[in-house]
Amino acid sequence: MLSNKLFPDAHVLPSIIKACAGLLAVNIGKQVHGFSLTSGLSLDPFVESSLIHFYVKCDEIIAAHKLFDNMAERDVVSWSALAAGYARKGEVANAKKVFDQVQYLGFEPNSVSWNGMIAGFNQSGCVLDAVLMFQQMHLQGFKSDGTSISSVLPAIGDLGYLSTGSQVHGYVMKMGFYVDKCIVSALIDMYGKCQCPLDMTRVFEETGQVDIGACNALIAGLSRHGLVDEALKVFRELHGRERELNVVSWTSIIACCSQHGKDIEALELFREMQATALMHGKAAHCFSLKRDITSDVYVGSALIDMYANCGKIQLARSFFDRMPIRNLVCWNVMLGAYAMHGNAKEAIEIFLWMQRSGQKADAVSFTSLLSACSQSGLTEEGRYYFESMTKDHGVEARLEHYACIVSLLGRAGKLEEAYSMIKNMPFEPDSCVWGALLSSCRLHHNMRLGEVAAGKLFELEPENPGNYILLSNIYASKGKFKEVDRVRDIMRDKGLRKNPGCSWIELKNKVHMLLAGDKSLPQMSQVLDKLDKLSMEMKKAGYMPNTDYVLQDVEEQEKEHILCGHSEKLAVVFGLLNTSQGSPLRVTKNLRICGDCHAVIKFISRFEKREIFVRDTNRYHHFKDGDCSCGDYW
DNA sequence: ATAGGGTTAG
C-alpha cells in the first residue's frame with residue numbers, strides 16, 4: 001500500500017495491527033503504532049483498542065495500560081481487553097479490579113469480556129480464578145456459550161474438579177454442544193486430567209466422529225495414564241485412514257513414547273514424521289526456512305533442554321540468551337539445565353533475571369532452584385529460597401520441594417534437621433522424600449536414621465531394589481556384615497536383583513550400550529588391557545581404590561565386577577580407544593555414578609588429557625584436568 | 001468496511 005503511495009486509514013489499520021498481534025510481530029506492530037501516532041489515526045477508537053489488544057498479546061501490559069490511560073473515550077472492548085491482559089499476566093487482583101470497573105461504570109460486559117477473562121486466567125495458570133470467573137458469570141445470569149465451555153474445561157481438568165466437570169458435561173449435552181469439536185476435545189482432556197480414562201474413552205466413542213482434535217486429546221490422555229500401546233493404536237488408526245495428521249498428533253505420540261522410556265520408537269516416529277512432512281512439499285519447507293523457527297519459544301526451549309542434556313551447557317545458554325520471547329517453560333528449562341549441571345550460582349542468576357523480567361516463578365522453577373542449591377552445597381541459599389517460595393512468591397511447597405530440602409540438608413550432614421523437616425511436613429512424605437534421607441544417610445554413614453528411612457521405603461515401594469542396596473551399603477561401611485547378609489536375604493526372598501548398571505556412549509553416529517560385566521563387546525580384551533595400564537599408572541600416582549564401593553557388589557557377580565569394572569568405567573575406556581586424542585567423551589548412565597568410578601575418571605581426564613562428561617540419574621559430572629565440576633560434593 | 005473470546009502437544 002505504502003509503495004503504491006496509498007495512505008492507510010482508520011479502517012485498514014486495525015486489521016494490520018490484528019495481524020501483528022496474531023504473529024507476535026512486536027517490532028512491526030510498534031512501527032504501525034508509531035505510524036498511527038504521527039498520522040493522527042491513533043485517536044480512532046478501533047485503532048486504539050486493537051493496539052491495546054496487540055500489546056496484551058505481546059505480553060507488554062505496561063504499554064497496553066499506558067495506551068489505555070491516554071484514550072479519549074473507553075468502551076467495553078478496551079476495558080475488557082485490558083482486564084483480559086492482566087488475567088493473562090496472572091495479575092489476578094488487577095484483572096478483577098479492571099473487570100469490576102467495567103460494570104461499575106455502567107457498561108455491560110458481553111460474552112467476549114467474560115470469555116477473555118477465563119481464557120486469560122487459563123493462560124497464566126490461574127486456573128482456579130478461571131473456574132471462579134465461569135461460576136460468577138453464571139451467578140450473574142450470563143449463559144455460557146461454546147467458547148466459555150471450551151475455555152473453562154482445561155482449567156477444571158487442571159484442578160481435578162471431577163464433579164464440576166461432569167456438571168459441565170451435562171450442560172453440554174443439554175445444549176447440544178456435542179457437535180462442537182473444540183468442546184469434545186476439551187471434555188476428553190478434562191476426563192483425562194481427572195483420572196477418568198474410562199469416561200474419556202466414552203466421550204470419544206459417544207461423539208462418533210473422528211475429529212483430529214479429539215483423537216489428539218485422547219492420545220494425550222492415554223499417554224498421561226501410561227497407556228502407551230493404546231495411544232499408539234489410536235495414532236496408527238488415525239494414520240491408516242489417511243486422515244490429515246497434524247503437528248499436534250505427531251508431537252503427542254512422540255512425547256508419549258519419549259516420556260515412557262520408548263526412546264527408539266520416539267526417534268523412529270520423528271523420522272517417519274519428517275518423511276511424511278516432505279510430501280507436503282515446498283510450502284512447508286519455505287515456511288520453516290523463512291521463519292527462524294529456532295527462536296520459537298517451544299522449539300527454543302526444547303533446544304536448550306536438548307543441549308543441556310547432552311552436556312553442552314554453554315551452547316544451551318547462548319540459545320537462551322538469543323530467545324526473542326521467553327515464557328515460563330523457557331525460563332524453567334534453563335533453570336533445570338543449571339540444576340542438572342549443578343551450577344547453583346548461575347541458576348540463582350537466572351532466577352533473579354526472571355524476577356526482573358516480570359516472569360512469575362512457579363513450583364517447577366523452585367524445584368530446579370532448590371535442587372541446584374542442594375547439588376552445589378549452597379545450603380543457606382537453599383534454605384532462604386525454600387522459605388521465600390511461600391512467603392514472597394505464593395508458591396505452596398509440594399512433595400518435590402520437601403525432597404529437595406531434605407536432600408540439601410542431608411548432603412550438608414544436617415541429618416537430624418532433615419529428619420525433623422520430614423516429621424513436620426504438612427502432608428504424608430512420599431518415597432522421594434524418604435529416598436533423599438536414605439541417600440544422605442548412605443553418604444554420611446548414619447545407620448540409625450538410615451534404618452528409619454529404609455523402613456518407610458520398604459513399605460512404600462517394596463519392589464525397588466535401590467533402597468535395599470543403599471541400606472546394605474550403610475551396613476557394609478560400618479562393617480556390619482551380618483546385617484548386610486540379612487538385607488541381601490530379604491532381597492533374594494522377594495526375587496529382587498540389583499538393577500544392572502548400564503552406560504551409553506555415542507561414537508560415530510552409533511550409540512553403544514555397555515553393561516557392568518559385559519562380555520559381548522568385541523573389543524573387551526583391549527578395554528580391559530587399557531584399564532589395567534591405567535590402574536598401574538594410578539597406583540604410581542598414589543591412588544587408593546575405594547573399597548567402600550566395592551563392598552556393595554558382594555555375591556556371584558563380584559568377580560566379573562572386579563575384572564571388568566562398572567559400566568561407566570568401561571564406556572569411558574571404550575571411548576578412549578575409539579576416538580582421536582584430545583576429543584571429549586560423553587557417557588550416560590542409568591544409575592548414579594559410583595564413587596570409585598568417579599575417582600578413576602577424574603584421573604583419566606588428567607592422564608589422558610580429555611574432557612569427559614558423565615550424566616547419571618541425578619546430574620552431570622564434567623571431568624577436566626583431574627577435577628570434576630561437582631567438586632566431589634554429591 | 002475496521003477492534004475483543006475457544007480444544008488437543010511441547
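Below, each value reflects all heavy atoms present in this structure, side chains not excepted, and no hydrogens, waters or symmetry copies. This structure is a prediction, so every number in the text was calculated from the model and none was measured. Order of the sequence lines fixes the chain letters, A, B, ..., with proteins taken first and strands second; residue numbering starts at 1 for each chain.
- Note on Ser252(A): only backbone sugar-phosphate atoms sit closer than 4.0 angstrom, heavy atoms only; bases stay farther off.
- An OP1 or OP2 oxygen of dT2(B) is reached within less than 4.0 angstrom by no side-chain nitrogen or oxygen of Lys18(A).
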- Task: Report the C-alpha distance between Trp250(A) and Phe235(A) in whole Å, list the side-chain angles of each, state the deciding distance to 0.1 Å, and finish with yes or no for side-chain contact (heavy atoms from CB on, under 4.5 Å).
- Result: CA-CA 9 Å; Trp250(A) 285 104; Phe235(A) 179 83; 3.6 Å; yes
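- Judged by atom type and distance alone, Ser185(A) reaches the base of dT7(B) through a side-chain donor-acceptor pair under 3.5 Å.
- Taking the six-membered ring for Trp and the full ring otherwise, Phe351(A) and Phe366(A) have centroids separated by under 6.0 Å.
- Regarding Leu269(A), its CG atom lies at a distance of 17 Å from the P atom of dA9(B), rounded to whole Å.
- Ser50(A) contributes no side-chain N or O that forms a donor-acceptor pair with the base of dA3(B) under 3.5 Å.
- For Arg317(A) and Phe320(A), the positive end is not near the middle of the six-membered ring at less than 6.0 Å and at most 45° from its axis.
- At dA3(B), none of the side-chain N or O atoms of His11(A) fall inside 4.0 Å of OP1 or OP2 (strictly under the cut-off).
- Ion pair Lys262(A)/Asp229(A) flagged as a salt bridge, since at least one NZ, NE, NH1 or NH2 atom sits closer than 4.0 Å to an Asp/Glu carboxylate oxygen.
- The distance from atom CZ of Arg74(A) to atom C1' of dA3(B) is 17 Å, rounded to the nearest whole Å.
- Closest to the side chain of Val248(A), from the set dG5(B), dT8(B), dT7(B), is dT8(B).
- Spacing between atom NE2 of His53(A) and atom P of dA3(B) amounts to 11 Å, rounded to whole angstrom units.
- Look at Arg398(A) and Glu400(A) and you find a salt bridge, because one of the NZ, NE, NH1 or NH2 atoms lies within 4.0 Å of a carboxylate O, short of that distance.
- Put simply, CZ on Phe134(A) is 19 Å from P on dG5(B), counting in whole angstrom units.
- Within the 4.0 angstrom heavy-atom criterion, only backbone atoms of the sugar-phosphate kind lie near Arg224(A); the bases stay farther away.
- You'll find that the side chain of Ala119(A) is closest to dG5(B), out of dG5(B), dA1(B), dA9(B).
- No donor-acceptor contact under 3.5 Å links the side chain of Asn110(A) to the base of dG5(B).
- Side chain of Val77(A), nearest nucleotide from dG5(B), dA3(B), dT8(B): dA3(B).
- Heavy atoms of Val12(A) sit nowhere under 4.0 angstrom from any nucleic acid atom.
- Not a single donor-acceptor contact under 3.5 angstrom links the side-chain atoms of Ser151(A) to the base of dG6(B).
- The nearest whole Å value for the distance from the CZ atom in Phe270(A) to the P atom in dG10(B) is 16 Å.
- One interatomic measurement links the two molecules: CD1 of Ile118(A) to C1' of dG4(B), which rounds to 14 Å at whole-angstrom precision.
- As judged by a 4.0 angstrom heavy-atom cut-off over every strand, Ala220(A) is placed among residues touching the sugar-phosphate backbone only.
- For Ala255(A), counting side-chain heavy atoms from C-beta on, the closest listed nucleotide (dG10(B), dG5(B), dA3(B)) is dG10(B).
- Between the base of dG6(B) and the side chain of Asn122(A) there is no donor-acceptor pair shorter than 3.5 Å.
- Under 4.0 Å is where a charged nitrogen must lie from a carboxylate oxygen, and between Asp69(A) and Lys66(A) no such pair does.
- For Gln259(A) and dG10(B), the shortest distance from a side-chain N or O to OP1 or OP2 is below 4.0 Å.
- Taking atom CG of residue Asp189(A) and atom C1' of nucleotide dT8(B), one finds them 7 Å apart after rounding to whole Å.
- Within 4.0 Å of Ile183(A), counting heavy atoms only, lies at least one base atom of the nucleic acid.
- Within the 4.0 angstrom heavy-atom criterion, base atoms lie near Asp75(A).
- Rounding to whole angstrom units, CD1 of residue Ile52(A) and P of dT2(B) are separated by 20 Å.
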